[in-house]
Protein chains: 2
Amino acid sequence: MTADNNQTEQVILTAAKSVFMKRGFAAARMQEIADEAGINRALLHYYFRSKEKLFEKIFSEAIGNILPGVKEIIDSDAALFEKIEQITARYIQFATEQPYLPAFVIQELNQHPDKIQMLFKESNNLPDPRKLVKQIDEEVKAGNIIPIQPAHLLVNVIALCVFPFVAKPIIHLVFGLSEEGFKNFIQERKKIVAQTIINSIKKH
Amino acid sequence: MTADNNQTEQVILTAAKSVFMKRGFAAARMQEIADEAGINRALLHYYFRSKEKLFEKIFSEAIGNILPGVKEIIDSDAALFEKIEQITARYIQFATEQPYLPAFVIQELNQHPDKIQMLFKESNNLPDPRKLVKQIDEEVKAGNIIPIQPAHLLVNVIALCVFPFVAKPIIHLVFGLSEEGFKNFIQERKKIVAQTIINSIKKH
DNA sequence: GTCTATAATTTGATAGAC
DNA sequence: GTCTATCAAATTATAGAC
């Protein structure tokens, strides 16, 4: 593989990511990807054969960027409250850097659940919740936190992190935030989410 | 307007809602709507002129079903904790009856933010958060709840209600739930969400 | 490896008969 | 009001020259 080859491939991937994230698979156009990459459509097919194959590449890369980090935290030996703080911090930081990603994943997940679920599985980085589930159950038993089902706690954490990004346009509308105001809002959530979760389960 | 006219129009709207919810605007096909309505494409255009107009009708109807109820609760004179319980109950009940709706709204919101924001505004049922914001601020000042910015509290409530529906395929995957298991999970959340929120803000 | 030209198909929309 | 036939545009994909 020549340097040029590699470089063009990378330019295409960058452009494809940008377009797929903004538009979603169905509304994305190969022409727009080509334009953004500064090449023509034929070359897209030369490198990736089809729109679908290109999409799969982009999607797998995207989840490959976030899953390993989350998995690592979930499987770590840290204490529960510490894990919660780490997960929220990493999630929000990641979504801040790639603000289109959460809505994109949710959109595709709901439109082709089987296919997307397979891509998640193939990534081999899907967090296995069992260890964390056990840890939560033990904290409950030990009387350190109030009784709560681990699945609900986990969903609560992810929901508080991710939702503001997918609901961004509605938040702008309801609270009349500027772009800057929204950024502030997200930064505040880095502390607020962990605090909210911990307050909701700790015994006082 | 004859009975037949009205009936056909209703059949089309029902079919269109089903298809748009499942596919989203970009991936929805007029042919599929026609098939599901048991008519042909030409008749769709006879009644609604274009795909876009049909979509707007469906979207406006959809948000028209949920917004007035939420607005009513938010503007009511109920105590804060009571409002939180009412909002969570209504949201989750509504999303249970129309499980595709939350992901659908989020998808379209992110793909055509300006247009969708306008449809929200035109509905004239967008909740005005000011009264609730004031109520929260007063509870904070009175020392009844911990200091929290109203916007974060509101986003937390909606996030915990809505997120499980938009993330349904991933929840299935991670926790290995059956369809029945997911329904149970959602029913449990009717109590858990309000409880989580209230625990997170009340003083102990 | 990259381009131009074009094929093949899909899809939203309209014309016109009944 | 409903249908068949057809148009016009868009879009993915390929063939072939350079």
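Throughout, protein chains are lettered first and strands after them, A, B, ... in sequence-line order, and every chain is numbered starting at 1. Side chains included, hydrogens not; waters and symmetry mates left out as well; all remaining heavy atoms used.
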Pull out every protein N or O sitting under 3.5 Å from an N or O of nucleotides 9-12 of chain C, one pair per line with the distance.
{"from": "C:dT11", "atom 1": "OP1", "to": "B:R29", "atom 2": "NE", "distance (Å)": "2.5"}
{"from": "C:dG12", "atom 1": "OP1", "to": "B:A28", "atom 2": "O", "distance (Å)": "3.4"}
{"from": "C:dG12", "atom 1": "OP1", "to": "B:R29", "atom 2": "NH1", "distance (Å)": "3.3"}
{"from": "C:dG12", "atom 1": "OP1", "to": "B:K51", "atom 2": "NZ", "distance (Å)": "3.3"}
{"from": "C:dG12", "atom 1": "OP2", "to": "B:M30", "atom 2": "N", "distance (Å)": "3.1"}

Test: A:E56 and A:K115 ion pair at under 4.0 Å: yes

Pairwise N/O distances under 3.5 Å, protein to nucleotides 16-18 of chain C:
none

Nearest-0.5 Å distance that lies between atom CG in B:N40 and atom NE2 in B:H45: 11.0 Å

Atom-pair distance (CG on B:L44; P on D:dG1), nearest Å: 14 Å

Whole angstrom is fine here: how far is it from CD1 in A:I39 over to C1' in D:dA13? 14 Å

Can you tell me if A:Q111 uses its side chain to pair, donor with acceptor, with the backbone of B:R23 under 3.5 Å? yes

Spacing of A:E52 atom CD relative to D:dT12 atom C1', expressed in whole Å: 12 Å

Return the value, rounded to whole Å, for the distance between atom CG of B:L43 and atom C1' of C:dA15. 15 Å

Under-4.0 Å side-chain N/O to phosphate OP1/OP2 contact, A:N40 with C:dC3: yes

A:Y46 side chain N/O closer than 4.0 Å to the phosphate oxygens (OP1, OP2) of D:dT14? no

Inspect the contact between B:E179 and B:K168 and indicate whether a charged nitrogen and a carboxylate oxygen are less than 4.0 angstrom apart. yes

Interatomic distance, A:L54 CG vs D:dT11 P [rounded to whole Å]: 16 Å

Before giving the answer on ring pair (Phe, Tyr, Trp, His ring centres under 6.0 Å), spell out for A:F20 and A:F104 the whole-Å C-alpha distance, their side-chain angles and the decisive distance to 0.1 Å. CA-CA 8 Å; A:F20 277 130; A:F104 169 72; 7.2 Å; no

Side-chain heavy-atom pair A:N156, B:R189 within 4.5 angstrom cut-off: yes

Check whether any side-chain N or O of A:T8 sits under 4.0 Å from OP1 or OP2 of C:dG1, and answer yes or no. no

Under 3.5 Å: donor-acceptor pair, side chain of B:K202, backbone of B:I145: no

Are A:D75 and A:K83 ion-paired here, with the side-chain N under 4.0 Å from a carboxylate O? no

